[in-house]
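Values reported hereafter were calculated over all heavy atoms of this structure, with side chains retained and with hydrogens, waters and symmetry mates removed. Since we're looking at a predicted model, the values are computed, not measured. If you read the sequence from its start, that first residue is 1, and numbering goes on from there.
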Amino acid sequence: MTLADSPRLRPMGLAARMILFLTLALVPIGVVAYFQTAKLQQETRLRSQLSLVALTEAAAVGERETVLRAQGVAQALGATLGQELRELDDLEECSAQLSAYLTASPGYSFAALMTDDGRIPCSSAGAGLDSRNSPRLQTLIETPGATAWLNRSAPISKREVIVVAEPFFHDGSLAGHVLLSVPSALLPSRQGDDVPADFEDLVTINEHGEILSSREGIDNVAGLLPADLDLASLVGARAQSFAARSADGTTRVYAAAPLVPGMVHALGIWSRDNAEAQAITVSGIAKALPLLMWAASVIVAFLAVNRLVIRHVKRLSRRMRTFARTRRIADLRVRGEMPSELAEMEDDFLDMAEGILRDEAQQENALREKTILLKEVHHRVKNNLQLISSIMNMQIRQARASETRMVLHRLQDRIRSLATIHRNLYQTDDLGHVDAGRLLGDLVQQMAQMTEISGRPVKVDTELDPIEAVPDQAVPVSLLTAEALTNAMKYAAPPEGERQARVSVRFVRDDDGGAVLEITNTAALEGPAQPEEEAEMDIEPAGLGSRLIQAFAMQLGGTLEQGLEGGIYSVRVDFALKDFEPDETVPTGVPNVRDF
């Protein structure tokens, strides 16, 4: 296998290499840009979270002031009435004082004092209230402390209220709680003018995660709250903002801030259209900027290289392949768009192609002249051999002795064989190779004109494959065939019980890529002599035909086998086909018979 025939690994294309090296060049810049972008995004996110928390706290000022005021009033009532509660014999006086206070403070709808054992000795609605009817109050007795809750249907206030419970003490120990109801209607219900339009709602919750109020209404807030978040987890935590999917399936941004630490928390609900909210929810775009920068750089560089280099190189490559296949050069130069370096390369290719065409034309002319000259030589040799054959024919007719005529006939047959060879050589297109099968076919047809020997009919069968051979092998093959066929037709005899002798010429390829030449003839088991007995019957020098056959077989470099077996005499030569090798010492077409 030559180097040109071996499989080649296709190298990476120009565009792929450009993308690879540009990627390697942009990797350090991309890494720095990524970390800087990530850090900037983190700082922006932190500022946005603080900004949303601050806006939420500013929006919840009304709720905070309401709860703190109620808590302060409860503490004042606990400090005054709680100390006097043990000394007052008339509890109606306590209730009257609470009722008078509520009359002077219209922001509250109910007030009561509940002892640590669950009794309500006085309230703005009068005495005789029982805490056992309220599960909420029972919970407050079990876990005392400042708290607030929503009562949507208060039995005394007859409306929705937020109940603020504040403990009071006597001699340092818990004495009970002051209960103060704030109507929900007094809380801010709509967004103020100072709140952004993308602020959807503000919700307050107690320490248990229970909703106290909503700007848009308690009945409308369920779909706006986070779907998978326990609101109680926000109470006691630091101020924060986060993005989550709400119960209605929309992603919203939430900001949680404490209004009354440990007691009331505010939860602001923001739309994603808010600029600060977008900084929290959108996190992948900023980090993808280095990748987008790389993609844009690669695309721009590829388009530039493709327009300036790749497409011109591909066009020039197509022209080269077309020239290699068809030897045609199409004038498709694009001078305006092609860079000067590629234009010079194209000019060099065109000059080279024109030079190749000129050289090939000169070589074709020289080859044509040589071919014509060789064909003319073979034609003249054939004519001279035919002339010699004609002269010998005249000599045969004038010869008186039969021995002389027989020798001249045999020599004339050999000259005709050579003439047939030269005729095929000047008729073929490739003088370096000859169709040996066709050559033997013409030779056998010429020699088969003698169909009867001594009044015995002879049938000639042929099996000739179209095998190409160099002239140095075609000539000895033809001469060997002529000698062997002459002997076969001379000594052919009909088999026992038949009237016609048979001669066979077989020229085929063997399994090893060589050729096999085999000439056979039928022969009687007893009767006329065979070629081995030529010395006794032929007037030529003893065994000349056999010696010629052996000489031609040696010239072919083959193996000769001949002999009689089962009434069939065969001459078989196996030889290998050779490539054309000019021989300056022996002219082509002239057999070497020095060993004869």
Side-chain angles (χ1 to χ4, degrees), residues 381-423 439-440 442-458 460 474-493 501 503 505 517 519-521 523-524 527-556 560 562-564 569-571 573 586-587 589-596:
V381 170
K382 187 265 299 182
N383 291 340
N384 292 336
L385 291 174
Q386 286 184 343
L387 178 60
I388 294 173
S389 177
S390 299
I391 294 174
M392 293 182 67
N393 195 32
M394 295 173 58
Q395 189 66 39
I396 290 172
R397 286 197 299 268
Q398 295 178 1
R400 296 181 180 273
S402 59
E403 294 83 355
T404 303
R405 288 196 299 271
M406 180 62 68
V407 171
L408 292 176
H409 271 302
R410 293 298 301 272
L411 185 58
Q412 186 182 39
D413 291 339
R414 295 182 179 114
I415 293 175
R416 285 177 179 175
S417 299
L418 286 173
T420 301
I421 295 172
H422 285 281
R423 183 185 66 189
L439 177 62
L440 295 184
D442 294 344
L443 183 62
V444 171
Q445 183 179 4
Q446 175 182 325
M447 298 185 65
Q449 294 175 357
M450 186 194 311
T451 57
E452 291 188 4
I453 301 297
S454 301
R456 301 190 304 271
V458 178
V460 180
V475 172
V477 165
S478 301
L479 295 176
L480 189 152
T481 302
E483 290 295 331
L485 184 60
T486 300
N487 288 339
M489 296 181 66
K490 178 179 179 181
Y491 297 111
V503 175
V505 179
L517 174 63
I519 298 96
T520 62
N521 66 277
Q530 296 301 321
E532 289 85 347
E533 304 171 18
E534 188 178 10
E536 300 177 5
M537 296 185 59
D538 205 331
I539 51 86
E540 284 188 333
L544 179 61
S546 297
R547 294 176 60 191
L548 286 174
I549 291 174
Q550 293 175 0
F552 291 136
M554 291 177 58
Q555 191 170 352
L556 287 172
L560 174 63
Q562 57 182 343
L564 178 64
Y569 186 84
S570 66
V571 176
V573 179
V586 180
V590 179
N592 186 1
V593 292
R594 292 177 296 175
D595 296 333
F596 288 9

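- Of all non-hydrogen atoms in Val573 and Leu556, the two that sit nearest each other are CG1-CD1, 4.4 Å.
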Item to check | Residue pair Asn487, Ile549: steps toward the side chain to side chain contact (heavy atoms under 4.5 Å, CB included) verdict | outcome: CA-CA 10 Å; Asn487 288 339; Ile549 291 174; 4.0 Å; yes

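- Once rounded to the nearest 0.5 Å, the distance linking CE of Met554 with CG of Leu560 reads 10.5 Å.
- In this structure Leu408 satisfies the side-chain contact (heavy atoms from CB on, under 4.5 Å) test together with Met392, Gln395, Ile396, Thr404, sequence neighbours excluded.
- Residue Phe552 forms a side-chain contact (heavy atoms from CB on, under 4.5 Å) with just one option from Val477, Val475, Leu480, and that option is Leu480.
- Atom CG of Leu479 is separated from atom CD of Gln555 by 8.0 Å, given to the nearest 0.5 angstrom.
- Considering all non-hydrogen atoms of both residues, Ala523 and Leu564 come closest at CB-CD1, 4.1 Å.
- Thr520 pairs by the side-chain contact (heavy atoms from CB on, under 4.5 Å) definition with Ser504, Glu518, Ile568, Ser570, not counting sequence neighbours.
- Every residue was checked against the side chain to side chain donor-acceptor pair (under 3.5 Å) condition with Gln550, not counting sequence neighbours, and none meets it.
- Rounding to the nearest 0.5 angstrom, the gap separating the OG1 atom in Thr481 from the CG atom in Leu517 is 4.0 Å.
- Taking every heavy atom of both residues into account, Val503 and Ala492 meet most closely at CG2-CB, 4.0 Å.
- Separation of atoms NE2 (His409) and OG1 (Thr486) is listed at 12.5 Å; rounding is to 0.5 Å.
- Between Ala399 and Arg405 the shortest heavy-atom distance is O-NH1, 2.9 Å.
- Rounded to the nearest 0.5 angstrom, Leu439 CG and Ser478 OG are separated by 3.5 Å.
- Nearest heavy-atom pair across Ser389 and Gln412 is O-NE2, 2.9 Å.
- A distance of 9.5 Å separates CD1 in Ile415 from CD1 in Ile391, rounded to the nearest 0.5 Å.
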